[in-house]
Amino acid sequence: MTARAGHAPAVDSAALERLMPGYPAPRHWRRVPVTGQHYLDLGSGQPVLFLHGNPSWSYVWRKLLHRLSPHARCLAPDLPGFGLSRHLRPADGVPDPYEAQLENLDILHCHLVRDKGLPERGWTFVLHDWGGPLGTAWALRNPGVVARLVVCNTVAFPFPDGFRLPFHLRWIRDHRPAAAFVHATNAFARTAVRAGVHRPLLPAERRALLRPTARRAERRAVTDAVRAIPRGPADPAWRLLEPPGGGAGLSELPLLIGWGMRDPVFTPVLLEEWARRHPHADIHRFPDAGHFVMEDAAAELGDLVRDFLQETP
């Protein structure tokens, strides 16, 4: 299922529903002409950009997109190397994946404003997992563009005291043989689609989430992202989240937090750090949701985001 730049492919709707149940129809599929990055475009009104993490892709937002597209212009890209976006980095050597992704967010925003007529400012970012530091760093580089933030089981600050990255992630990050094994077997993604939810996904949904990484050559971004997890407060990646010139950054923006409390990686320690740093945040804890809170608590989270969009200036 590929598409020319800016055009949806010809895909049988029944076949698509079998392959990717619940995923928006191809009439909502778009590509950025310069990079070929795939994104979804649904609804009308104020722009809301959904940034996924690792090892997921825009499929993970499908339930929220259907609930929110009657109320906003919902845009959900596949980060380069994930989902239906091709990998743009060279296979030999791994340049800074944060910078590469930020550059592609620049190109995506420029395309949406220049070619699709979206406003330059007044955006809402919905961030999950790796999308949290990426979206936050991009917003800091482009002051005034983002007007609201919704965060779901992610970070945008150095890991606080009391938090320790789970062993399996440190194992992959710090040991090349472990990373090579995970890359060869797709073990990280296969584990995530089961351990990341409290309510088991349907088999067809698990297969859909794993479909972009079915072939070994298409898993490089997944492995690279784990290898790029910062090791400590002095890591250069965290400096991307410092406000330019020591300003206030994004601390004054309206902030909605929807948190799955059964997340084995993004534990309540990180949620409490969000609360400490952003005492004005509207925090909602979902006791029966895991890492993929948008899967486990789609209806409740969707209603919260809808109300947040309508009630905040």
Side-chain angles (χ1 to χ4, degrees), residues 19-23 37-40 50-64 76-89 91 94 97-98 100-101 104-105 126-135 152-155 165-176 178-198 200-230 237 260 262-267 289-296:
L19 289 172
M20 298 189 292
Y23 197 63
Q37 182 179 15
H38 172 265
Y39 68 96
L40 296 171
F50 296 78
L51 292 180
H52 66 80
N54 182 41
S56 57
W57 56 294
S58 57
Y59 184 79
V60 80
W61 297 117
R62 67 198 181 283
K63 297 175 184 178
L64 287 190
D78 291 334
L79 297 174
F82 295 86
L84 304 181
S85 292
R86 65 174 181 259
H87 201 293
L88 299 179
R89 297 194 296 275
V94 182
Y98 293 99
Q101 296 289 4
N104 280 277
L105 280 177
V126 183
L127 310 175
H128 179 249
D129 190 89
W130 212 52
L134 285 176
C152 305
N153 293 64
T154 186
V155 293
L165 199 68
F167 169 77
H168 68 279
L169 289 177
R170 288 184 279 120
W171 184 62
I172 300 168
R173 181 194 65 183
D174 299 338
H175 302 283
R176 289 189 179 276
F181 171 80
V182 169
H183 182 80
T185 61
N186 206 23
F188 179 60
R190 290 179 179 277
T191 300
V193 299
R194 293 181 180 273
V197 292
H198 177 57
L201 297 169
L202 296 173
E205 292 174 318
R206 288 199 301 271
R207 288 193 295 269
L209 279 168
L210 292 171
R211 191 170 302 280
T213 56
R215 294 190 298 178
R216 182 171 179 170
E218 296 169 336
R219 301 172 193 157
R220 181 169 298 278
V222 172
T223 308
D224 287 354
V226 179
R227 298 274 291 167
I229 294 174
R262 291 175 176 261
D263 191 331
V265 178
F266 291 82
T267 62
H291 178 64
F292 294 114
V293 61
M294 69 288 286
E295 296 279 6
D296 281 331

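The analysis underlying the following values was restricted to heavy atoms, covering all of them including side chains, and did not include hydrogens, waters or symmetry mates.
- No donor-acceptor pair closer than 3.5 Å links the side chain of Arg207 to the backbone N or O of Leu202.
- At least one donor-acceptor pair under 3.5 Å links the side chain of Arg227 to the backbone N or O of Arg173.
- Among residues two or more places apart in sequence or in another chain, the side chain to side chain donor-acceptor pair (under 3.5 Å) test is passed with Thr223 by His183.
- Every residue was checked against the side chain to side chain donor-acceptor pair (under 3.5 Å) condition with Asp296, not counting sequence neighbours, and none meets it.
- Rounded to the nearest 0.5 angstrom, Asn54 CG and Leu79 CG are separated by 9.5 Å.
- Judged by distance alone, the side chain of Asp129 and the main-chain N or O of Gly131 form no donor-acceptor pair under 3.5 Å.
- In this structure, the side chains of Lys63 and Glu295 come closer than 4.5 Å at one or more pairs of heavy atoms.
- Tested against Asp78 for a side-chain contact (heavy atoms from CB on, under 4.5 Å), the candidates Ser56, Pro212, Ser85 yield a single pass: Ser85.
- Thr154 pairs by the side chain to side chain donor-acceptor pair (under 3.5 Å) definition with nothing, not counting sequence neighbours.
- The distance from the CG atom of Asp174 to the CG atom of Leu165 is 8.5 Å, given to the nearest 0.5 Å.
- The shortest side-chain heavy-atom distance between Phe82 and Gln101 falls under the 4.5 Å cut-off.
- A donor-acceptor pair under 3.5 Å links the side-chain atoms of Trp57 to the main chain of Leu209, judged by distance alone.
- Proximity of a side-chain donor or acceptor of Arg206 to a complementary backbone N or O of Val193 within less than 3.5 Å is not detected.
- Atoms CZ and NE2, on Phe188 and His168 in that order, are 6.0 Å from each other to the nearest 0.5 Å.
- For Trp61, the ring-ring contact (aromatic ring centres under 6.0 Å, His included) criterion is met by Phe50, not counting sequence neighbours.
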Intermediate values then yes/no, side chain to side chain contact (heavy atoms under 4.5 Å, CB included), Val182 and Val226:
CA-CA 10 Å; Val182 169; Val226 179; over 6 Å; no

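- For His128, the ring-ring contact (aromatic ring centres under 6.0 Å, His included) test picks out His291, Phe292, with sequence neighbours left out.
- For the atom pair CG of Asp224 and CD1 of Ile229, the computed distance is 12.0 Å after rounding to the nearest 0.5 Å.
- Under a cutoff of 6.0 Å and an axis angle of 45°, Arg170 and Phe167 do not form a cation-pi pair.
- Here the closest non-hydrogen pair linking Ala237 and Pro230 is CB-CG, 3.8 Å.
- Scanning for side-chain contact (heavy atoms from CB on, under 4.5 Å) contacts around Pro77 gives Gln37, Tyr39, Leu49, Leu51, Leu108, with sequence neighbours left out.
- In this structure, the side chains of Pro55 and Trp130 stay at 4.5 Å or more apart for every pair of heavy atoms.
- Listed for the Tyr98 side chain is a donor-acceptor partner under 3.5 Å among the backbone atoms of Ala228.
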